[in-house]
Amino acid sequence: MSLVDVNFLTLAPLTGHTLYQPIRTEASASTSAEDDSQTPSPAYYQKYMKRYELLIEYKNLRNPKHSPTGLYILPAVSNLYEWHAVLFIHRGYYKEGVFKFTISIPQTYPSHPPTIRFITDMFHPLISRDGTFDIRPQFPEWRPRKDWLSHVLHYVKNSFREGVIAGLDERTVFARLASQCAQLSASEPILFDQDDGSEIKFSPLSDAQFEELRNSILSNA
């Protein structure tokens, strides 16, 4: 993936994610008449319906009303309940920042909220030292089927606006540290790190690759 602004979420192929798996093989189904009584339980259907609902919610994030701009999300190939994301910031104290984070979705979702953890080293009042993003100021009590992943993602994006630090006493110091945080996130050793734990990878572009990409974007504009 090239370092360009992505203003929509791409629906990636979810290879490895199976919505339905038969519980019997052909061999076992033909061994005896007793197998005819082996039907999937309600819990089995509930499990896969939840997976299907999560896929639908992911697909709906392509709608600009459901996802903030400058955000790219990719579910893990091996785990539908773990999403990898990168956020591009263009304004404010975190201008030009490129911040990677993960979204861990409990299998009890939407009854329980997701967990956001930043992979990029962050300096932010809502992000702890281990990278955990605190959603409690916006969601003091999680409301199942009223609060959704899209609401959490909008809150994450909005938390980088200047308004979140309006009440800080040491505003000048914070602004300087936030700017340093953004610059570090976009530095080559950090940006092109292939072993940072994120499934979203960046690589440098040659001049020829850049021109090819630029022409492709302009021709499709």
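The basis for the numbers below is simple: all heavy atoms, side chains too, and nothing from hydrogens, waters or symmetry mates. In this text, all values refer to a predicted model and were calculated from it rather than measured experimentally.
Annotation: the span from E141 atom CD to D147 atom CG amounts to 10.5 Å, rounded to 0.5 Å. For the atom pair I116 CD1 and I135 CD1, the distance stands at 7.0 Å (nearest 0.5 Å). Taken from NE2 in H112 to CD in Q107, the straight-line distance is 13.0 Å, to the nearest 0.5 Å. Atom OG of S187 is separated from atom CZ of F192 by 9.5 Å, given to the nearest 0.5 angstrom. Considering CG of L61 and CD1 of I56, their distance stands at 11.5 Å, rounded to 0.5 Å. Going from atom CH2 of W83 over to atom CD of E199 covers 13.5 Å, rounded to the nearest 0.5 Å.
A heavy-atom distance below 4.5 Å is found between the side chains of K157 and T69. Side chains of P137 and L126 form a contact here, defined as non-hydrogen atoms less than 4.5 Å apart. Contact check for R91 versus F160: no side-chain heavy atoms found under the 4.5 Å cut-off. Residues L153 and I73 form a side-chain contact, since some pair of their non-hydrogen atoms from C-beta on lies under 4.5 Å apart.
One hydrophobic cluster holds both L191 and I200 under the rule that ILVMFWY side chains link at heavy-atom gaps under 4.5 Å. Residue F101 is grouped with residue Y81 when hydrophobic side chains (ILVMFWY) are merged at heavy-atom distances under 4.5 angstrom, including chains of intermediate members. By the rule that hydrophobic residues join a cluster once side-chain heavy atoms approach within less than 4.5 Å of another member, L184 and M122 end up as members of separate clusters. The hydrophobic cluster containing Y94 also contains Y155, counting ILVMFWY residues as joined when their side-chain heavy atoms lie under 4.5 angstrom apart, directly or transitively. L55 and L149 fall within a single hydrophobic cluster, where Ile, Leu, Val, Met, Phe, Trp and Tyr side chains are chained together by heavy-atom contacts under 4.5 Å.
With hydrogens and angles disregarded, a donor-acceptor distance shorter than 3.5 Å links the side chain of S185 to the backbone of V98. Proximity of a side-chain donor or acceptor of W142 to a complementary backbone N or O of P110 within less than 3.5 Å is detected. Remark: the backbone N or O of H151 is not paired with any side-chain donor or acceptor of H154 at under 3.5 angstrom. Using a distance-only test at 3.5 Å, with no hydrogens or angles considered, no donor-acceptor pair links the side chain of Q183 to the main chain of C181. For the pair T120 (side chain) and F99 (backbone), a donor-acceptor distance under 3.5 Å is absent.
Shown here is E188, whose CD atom has no more than 12 heavy atoms of other residues, nucleotides or ligands within 6.0 Å. Heavy-atom contacts from other residues, nucleotides or ligands closer than 6.0 Å to CD of Q180 number more than 12. No more than 12 heavy atoms of other residues, nucleotides or ligands lie within 6.0 Å of CZ in F210, so this atom counts as exposed by the packing criterion. Heavy atoms of other residues, nucleotides or ligands lying less than 6.0 angstrom from CG of D121 number 12 at most. The local environment of CG in D207 is sparse, with at most 12 non-hydrogen atoms from other residues, nucleotides or ligands closer than 6.0 Å.
Taking the six-membered ring where the residue is Trp, F174 and F123 present tilted rings, their angle falling between 30° and 60°. Relative orientation of the F202 and F88 rings is perpendicular, given thresholds of 30° and 60° on the angle between their planes.
Residue pairs meeting the side chain to side chain donor-acceptor pair (under 3.5 Å) criterion with at least one member in residues 211-221, sequence neighbours excluded, do not occur. Residues in residues 98-118 take part in these salt bridge (charged side-chain N to carboxylate O under 4.0 Å, His left out) pairs, two or more places apart or across chains: K100-D196.
Here F118 and H124 keep their ring centres 6.0 angstrom or further from each other.
Tested against Y109 for a side-chain contact (heavy atoms from CB on, under 4.5 Å), the candidates P113, S111, P106 yield a single pass: P106.
For the pair H66 and S150, the tightest heavy-atom approach, listed with the atom from each and the gap, is O-CB, 3.0 Å.
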Show your reasoning for whether side chain to side chain contact (heavy atoms under 4.5 Å, CB included) applies to V152 and F133. CA-CA 10 Å; V152 175; F133 181 89; 6.0 Å; no
